[in-house]
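Here's the structure we're looking at; comments come further down.
Since we're looking at a predicted model, the values are computed, not measured. Here is the naming used below: chain letters follow the sequence lines, and residue numbers restart at 1 for every chain.
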Amino acid sequence: MASQPLSDTLLLARLRERDPETLADTVKEHGRPLYRAARGMGFDQQQAEDLVQDVFTIFLQKLDDFEGRSQVRTWLFGILHWKMRERRRSLQRDESYDAIDASFADWFDGKGHWVSHPEDLERLFASKEIGLAVDECLESIPLQQREVFLLREVEGLESKEICKNLQISNTHLGVLLHRARHKLRECLQGKGWR
Amino acid sequence: MAMIHIMNCREIAVLLDSDGARHQPWITRVQFRVHLLTCWHCRLLARQIRWIGKVAREAMGTIAEPGADFEERILRHLSPPSKQS
(Lines give C-alpha, C1' and ligand atoms only; values in the text may rest on other atoms or scores of the structure.)
Protein backbone atom coordinates (compact mmCIF):
# COMPACT_ATOMS: atom_id res chain seq x y z
CA MET A 1 0.00 0.00 0.00
CA ALA A 2 2.74 2.46 0.91
CA SER A 3 5.01 1.71 -2.04
CA GLN A 4 2.75 3.22 -4.70
CA PRO A 5 2.68 6.79 -3.33
CA LEU A 6 6.44 6.61 -2.73
CA SER A 7 7.00 5.47 -6.28
CA ASP A 8 4.84 8.30 -7.57
CA THR A 9 6.68 10.75 -5.29
CA LEU A 10 10.02 9.70 -6.73
CA LEU A 11 8.61 9.80 -10.23
CA LEU A 12 7.33 13.33 -9.70
CA ALA A 13 10.62 14.49 -8.22
CA ARG A 14 12.46 13.23 -11.27
CA LEU A 15 9.92 14.70 -13.65
CA ARG A 16 10.21 18.08 -11.94
CA GLU A 17 13.92 17.91 -12.63
CA ARG A 18 12.97 17.17 -16.27
CA ASP A 19 14.93 13.95 -16.12
CA PRO A 20 14.76 12.82 -19.80
CA GLU A 21 14.71 9.11 -19.02
CA THR A 22 11.82 9.43 -16.55
CA LEU A 23 9.92 11.62 -18.99
CA ALA A 24 10.44 9.09 -21.78
CA ASP A 25 9.25 6.27 -19.51
CA THR A 26 6.14 8.27 -18.57
CA VAL A 27 5.29 9.00 -22.20
CA LYS A 28 5.90 5.35 -23.07
CA GLU A 29 3.70 4.10 -20.22
CA HIS A 30 0.76 6.45 -20.64
CA GLY A 31 0.90 7.76 -24.22
CA ARG A 32 -0.85 4.90 -25.96
CA PRO A 33 -3.61 4.39 -23.35
CA LEU A 34 -4.37 8.13 -23.64
CA TYR A 35 -4.35 7.86 -27.43
CA ARG A 36 -6.69 4.84 -27.29
CA ALA A 37 -9.08 6.69 -24.98
CA ALA A 38 -9.17 9.67 -27.36
CA ARG A 39 -9.82 7.38 -30.33
CA GLY A 40 -12.57 5.66 -28.35
CA MET A 41 -14.20 9.05 -27.91
CA GLY A 42 -14.39 9.44 -31.69
CA PHE A 43 -11.31 11.54 -32.45
CA ASP A 44 -9.40 10.53 -35.58
CA GLN A 45 -5.77 9.45 -35.54
CA GLN A 46 -4.30 12.92 -36.04
CA GLN A 47 -6.63 14.57 -33.56
CA ALA A 48 -5.91 11.86 -30.97
CA GLU A 49 -2.16 12.27 -31.42
CA ASP A 50 -2.47 16.05 -31.07
CA LEU A 51 -4.57 15.64 -27.95
CA VAL A 52 -2.02 13.36 -26.31
CA GLN A 53 0.74 15.80 -27.20
CA ASP A 54 -1.30 18.60 -25.59
CA VAL A 55 -1.88 16.46 -22.50
CA PHE A 56 1.84 15.96 -21.92
CA THR A 57 2.58 19.62 -22.63
CA ILE A 58 0.08 20.72 -19.96
CA PHE A 59 1.29 17.97 -17.66
CA LEU A 60 4.80 19.41 -17.72
CA GLN A 61 3.60 23.00 -17.48
CA LYS A 62 1.52 22.24 -14.38
CA LEU A 63 3.87 19.74 -12.80
CA ASP A 64 5.03 22.13 -10.10
CA ASP A 65 1.41 22.72 -9.03
CA PHE A 66 0.63 19.01 -8.80
CA GLU A 67 0.39 18.04 -5.16
CA GLY A 68 0.57 14.34 -5.82
CA ARG A 69 -2.75 13.56 -4.18
CA SER A 70 -3.79 11.48 -7.15
CA GLN A 71 -1.79 9.12 -9.31
CA VAL A 72 0.02 10.48 -12.34
CA ARG A 73 -2.19 8.29 -14.54
CA THR A 74 -5.35 9.76 -13.00
CA TRP A 75 -4.06 13.26 -13.54
CA LEU A 76 -3.13 12.59 -17.18
CA PHE A 77 -6.59 11.18 -17.93
CA GLY A 78 -8.08 14.21 -16.17
CA ILE A 79 -6.15 16.56 -18.47
CA LEU A 80 -7.26 14.49 -21.46
CA HIS A 81 -10.88 14.78 -20.38
CA TRP A 82 -10.74 18.58 -20.24
CA LYS A 83 -8.84 18.85 -23.51
CA MET A 84 -11.48 16.68 -25.20
CA ARG A 85 -14.23 18.85 -23.74
CA GLU A 86 -12.51 21.93 -25.09
CA ARG A 87 -12.37 20.44 -28.55
CA ARG A 88 -15.83 19.00 -28.56
CA ARG A 89 -18.57 21.12 -27.18
CA SER A 90 -21.00 18.27 -27.56
CA LEU A 91 -19.16 16.45 -24.78
CA GLN A 92 -21.63 18.01 -22.42
CA ARG A 93 -22.38 16.71 -19.01
CA ASP A 94 -25.18 14.17 -18.94
CA GLU A 95 -27.19 15.51 -16.07
CA SER A 96 -29.70 12.71 -16.12
CA TYR A 97 -29.98 11.35 -12.60
CA ASP A 98 -32.85 8.92 -13.26
CA ALA A 99 -31.61 5.86 -11.47
CA ILE A 100 -32.90 3.38 -14.01
CA ASP A 101 -33.05 3.50 -17.77
CA ALA A 102 -36.72 3.37 -18.81
CA SER A 103 -36.32 0.39 -21.14
CA PHE A 104 -34.34 -1.43 -18.44
CA ALA A 105 -37.29 -1.08 -16.09
CA ASP A 106 -39.45 -2.98 -18.60
CA TRP A 107 -37.40 -6.08 -17.95
CA PHE A 108 -38.98 -6.42 -14.52
CA ASP A 109 -42.50 -6.85 -13.23
CA GLY A 110 -44.12 -4.74 -10.53
CA LYS A 111 -42.45 -6.76 -7.81
CA GLY A 112 -39.01 -6.32 -9.33
CA HIS A 113 -38.74 -9.86 -10.67
CA TRP A 114 -37.38 -10.68 -14.11
CA VAL A 115 -40.06 -10.80 -16.80
CA SER A 116 -37.69 -12.80 -19.00
CA HIS A 117 -34.10 -13.76 -18.44
CA PRO A 118 -31.23 -11.61 -19.78
CA GLU A 119 -29.73 -12.70 -23.07
CA ASP A 120 -26.73 -14.99 -22.97
CA LEU A 121 -24.60 -12.83 -25.28
CA GLU A 122 -21.41 -14.70 -24.44
CA ARG A 123 -22.27 -17.69 -26.57
CA LEU A 124 -21.73 -15.47 -29.62
CA PHE A 125 -18.29 -14.46 -28.47
CA ALA A 126 -16.51 -16.48 -31.14
CA SER A 127 -18.08 -14.45 -33.91
CA LYS A 128 -15.57 -12.43 -35.93
CA GLU A 129 -18.13 -9.67 -36.44
CA ILE A 130 -18.63 -8.91 -32.80
CA GLY A 131 -15.74 -6.41 -32.74
CA LEU A 132 -17.36 -4.33 -35.47
CA ALA A 133 -20.75 -4.53 -33.76
CA VAL A 134 -19.26 -3.36 -30.47
CA ASP A 135 -17.49 -0.48 -32.24
CA GLU A 136 -20.74 0.66 -33.83
CA CYS A 137 -22.66 0.30 -30.58
CA LEU A 138 -20.03 2.23 -28.62
CA GLU A 139 -20.35 5.08 -31.12
CA SER A 140 -24.09 5.19 -30.53
CA ILE A 141 -23.72 5.87 -26.79
CA PRO A 142 -23.88 9.50 -25.60
CA LEU A 143 -20.36 10.84 -25.11
CA GLN A 144 -20.23 11.18 -21.35
CA GLN A 145 -21.67 7.69 -20.86
CA ARG A 146 -19.16 6.37 -23.39
CA GLU A 147 -16.28 8.11 -21.66
CA VAL A 148 -17.24 6.69 -18.26
CA PHE A 149 -17.66 3.20 -19.71
CA LEU A 150 -14.31 3.28 -21.54
CA LEU A 151 -12.40 4.65 -18.57
CA ARG A 152 -13.88 2.00 -16.30
CA GLU A 153 -13.94 -1.06 -18.52
CA VAL A 154 -11.13 -0.50 -20.99
CA GLU A 155 -8.62 1.63 -19.08
CA GLY A 156 -9.50 0.08 -15.72
CA LEU A 157 -9.64 3.35 -13.78
CA GLU A 158 -11.11 3.12 -10.30
CA SER A 159 -14.49 4.75 -9.67
CA LYS A 160 -12.97 7.43 -7.44
CA GLU A 161 -10.41 8.32 -10.14
CA ILE A 162 -13.16 8.73 -12.73
CA CYS A 163 -15.31 10.81 -10.36
CA LYS A 164 -12.35 13.07 -9.63
CA ASN A 165 -11.48 13.57 -13.29
CA LEU A 166 -15.00 14.13 -14.54
CA GLN A 167 -16.07 15.97 -11.38
CA ILE A 168 -19.12 13.84 -10.86
CA SER A 169 -20.52 12.09 -7.80
CA ASN A 170 -20.28 8.39 -7.28
CA THR A 171 -24.05 8.13 -7.68
CA HIS A 172 -23.92 9.92 -11.02
CA LEU A 173 -21.08 7.66 -12.14
CA GLY A 174 -23.25 4.64 -11.35
CA VAL A 175 -26.14 6.05 -13.37
CA LEU A 176 -23.88 6.78 -16.35
CA LEU A 177 -22.33 3.30 -16.21
CA HIS A 178 -25.72 1.65 -15.98
CA ARG A 179 -27.03 3.64 -18.93
CA ALA A 180 -23.93 2.95 -21.03
CA ARG A 181 -24.05 -0.78 -20.34
CA HIS A 182 -27.75 -0.98 -20.98
CA LYS A 183 -27.50 0.92 -24.26
CA LEU A 184 -24.67 -1.37 -25.37
CA ARG A 185 -26.71 -4.41 -24.41
CA GLU A 186 -29.77 -3.17 -26.30
CA CYS A 187 -27.69 -2.17 -29.31
CA LEU A 188 -26.00 -5.57 -29.51
CA GLN A 189 -29.31 -7.35 -29.15
CA GLY A 190 -30.78 -5.09 -31.82
CA LYS A 191 -28.03 -6.15 -34.19
CA GLY A 192 -29.21 -9.69 -33.88
CA TRP A 193 -26.97 -10.92 -31.11
CA ARG A 194 -29.67 -12.92 -29.49
CA MET B 1 -35.50 -4.22 15.78
CA ALA B 2 -35.27 -2.64 12.34
CA MET B 3 -36.59 -4.66 9.41
CA ILE B 4 -34.04 -5.60 6.77
CA HIS B 5 -35.10 -4.61 3.28
CA ILE B 6 -34.90 -7.65 1.02
CA MET B 7 -33.72 -6.55 -2.40
CA ASN B 8 -35.46 -7.83 -5.49
CA CYS B 9 -33.87 -8.76 -8.82
CA ARG B 10 -34.36 -5.29 -10.25
CA GLU B 11 -32.45 -3.67 -7.39
CA ILE B 12 -29.69 -6.27 -7.68
CA ALA B 13 -29.52 -5.69 -11.45
CA VAL B 14 -29.12 -1.93 -10.95
CA LEU B 15 -26.31 -2.53 -8.45
CA LEU B 16 -24.63 -4.83 -10.97
CA ASP B 17 -24.97 -2.41 -13.87
CA SER B 18 -23.77 0.60 -11.89
CA ASP B 19 -20.86 -1.10 -10.06
CA GLY B 20 -22.73 0.06 -7.00
CA ALA B 21 -22.43 -2.91 -4.67
CA ARG B 22 -19.04 -1.98 -3.28
CA HIS B 23 -20.35 1.31 -1.95
CA GLN B 24 -23.21 -0.28 -0.02
CA PRO B 25 -23.32 -1.09 3.71
CA TRP B 26 -21.97 -4.54 4.58
CA ILE B 27 -25.43 -5.99 5.13
CA THR B 28 -26.43 -5.00 1.60
CA ARG B 29 -23.20 -6.42 0.18
CA VAL B 30 -23.85 -9.74 1.91
CA GLN B 31 -27.41 -9.79 0.61
CA PHE B 32 -26.14 -8.94 -2.87
CA ARG B 33 -23.71 -11.88 -2.84
CA VAL B 34 -26.25 -14.32 -1.47
CA HIS B 35 -28.78 -13.20 -4.08
CA LEU B 36 -26.25 -13.81 -6.87
CA LEU B 37 -25.52 -17.27 -5.51
CA THR B 38 -29.16 -18.19 -5.59
CA CYS B 39 -30.55 -16.31 -8.64
CA TRP B 40 -29.63 -17.66 -12.05
CA HIS B 41 -31.13 -14.67 -13.90
CA CYS B 42 -29.06 -12.10 -12.01
CA ARG B 43 -25.95 -14.27 -12.33
CA LEU B 44 -26.54 -14.33 -16.08
CA LEU B 45 -26.73 -10.53 -16.09
CA ALA B 46 -23.45 -10.35 -14.13
CA ARG B 47 -21.83 -12.63 -16.70
CA GLN B 48 -23.27 -10.53 -19.53
CA ILE B 49 -21.77 -7.36 -17.99
CA ARG B 50 -18.34 -9.01 -17.73
CA TRP B 51 -18.66 -10.17 -21.34
CA ILE B 52 -19.56 -6.70 -22.60
CA GLY B 53 -16.50 -5.29 -20.83
CA LYS B 54 -14.33 -7.99 -22.36
CA VAL B 55 -15.50 -7.46 -25.93
CA ALA B 56 -15.21 -3.69 -25.52
CA ARG B 57 -11.58 -4.08 -24.40
CA GLU B 58 -10.92 -6.34 -27.37
CA ALA B 59 -12.62 -3.95 -29.78
CA MET B 60 -10.59 -1.03 -28.44
CA GLY B 61 -7.46 -3.14 -28.78
CA THR B 62 -8.00 -3.30 -32.53
CA ILE B 63 -7.96 0.49 -32.94
CA ALA B 64 -5.16 1.49 -35.29
CA GLU B 65 -2.06 2.24 -33.29
CA PRO B 66 -0.35 5.58 -33.73
CA GLY B 67 2.86 5.58 -35.74
CA ALA B 68 5.90 3.75 -34.43
CA ASP B 69 7.59 7.06 -33.63
CA PHE B 70 4.58 8.32 -31.63
CA GLU B 71 6.43 8.59 -28.34
CA GLU B 72 9.50 10.11 -30.00
CA ARG B 73 7.39 12.84 -31.59
CA ILE B 74 5.83 13.70 -28.25
CA LEU B 75 9.23 13.83 -26.59
CA ARG B 76 10.63 16.01 -29.37
CA HIS B 77 7.69 18.37 -28.90
CA LEU B 78 8.29 18.48 -25.15
CA SER B 79 12.03 19.03 -25.37
CA PRO B 80 13.06 22.67 -25.07
CA PRO B 81 15.04 23.84 -28.09
CA SER B 82 18.75 23.56 -27.43
CA LYS B 83 20.42 26.87 -26.68
CA GLN B 84 22.79 28.17 -29.28
CA SER B 85 25.97 29.77 -27.94
Proximal component of Leu45(B), with respect to chain A [non-hydrogen, under 4.5 Å]
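Contact with chain A: backbone and side chain both.
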Structural part of Leu16(B) lying under 4.5 Å from a heavy atom of chain A:
backbone
Quick one: what part of [X] sits under 4.5 Å from any heavy atom of chain B, side chain, backbone, both or neither?
| X | value |
| --- | --- |
| Glu49(A) | both |
| Leu173(A) | neither |
| Asp109(A) | neither |
| Leu23(A) | both |

In terms of ring plane angle, is the pair Phe59(A) and Phe56(A) parallel, tilted or perpendicular, where the classes change at 30° and 60°?
perpendicular
Is the Trp114(A) ring parallel, tilted or perpendicular to the Trp107(A) ring (thresholds 30°, 60°)?
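Geometry flag for Trp107(A) against Trp114(A): tilted rings.
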Measure the shortest side-chain to side-chain distance between Leu188(A) and Ile130(A) over non-hydrogen atoms and say whether it is less than 4.5 angstrom.
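Leu188(A) vs Ile130(A): side chains touch.
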Tell me, do Val72(A) and Glu29(A) make a side-chain contact under 4.5 Å, heavy atoms counted?
no
Pairs of heavy atoms under 4.5 Å with chain A: top-ranked of [options]:
| options | answer |
| --- | --- |
| Cys39(B), Cys42(B), Gly61(B) | Cys42(B) |
| Arg57(B), Glu11(B), His41(B) | His41(B) |
| Glu72(B), Arg22(B), Arg50(B) | Arg22(B) |

With sequence neighbours excluded, residues passing side chain to side chain donor-acceptor pair (under 3.5 Å) with Thr28(B):
none
Any pair with a residue in residues 13-33 of chain B that passes ring-ring contact (aromatic ring centres under 6.0 Å, His included), sequence neighbours left out, goes on the list, sorted by first then second residue, please.
none
Taking salt bridge (charged side-chain N to carboxylate O under 4.0 Å, His left out) as the test, write out the residues that go with Lys83(A), two or more places apart.
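Counting only residues at least two positions away or on another chain, Lys83(A) forms a salt bridge (charged side-chain N to carboxylate O under 4.0 Å, His left out) with Glu86(A).
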Testing the basics here: between Leu143(A) and Met41(A), what is the closest heavy-atom pair and its distance to 0.1 Å?
O-CE, 3.3 Å
Residues Glu71(B) and Arg32(A) bridged, charged N to O under 4.0 Å
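Yes, charged N to carboxylate O under 4.0 Å.
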Are the charged groups of Asp25(A) and Arg14(A) less than 4.0 angstrom apart, N to O?
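Not counted as a salt bridge, because no side-chain N and carboxylate O are separated by less than 4.0 Å.
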Those residues of residues 151-161 of chain A that come under 4.5 Å of chain B on a heavy-atom basis, listed by number, are Arg152(A), Glu153(A), Val154(A), Glu158(A), Ser159(A)
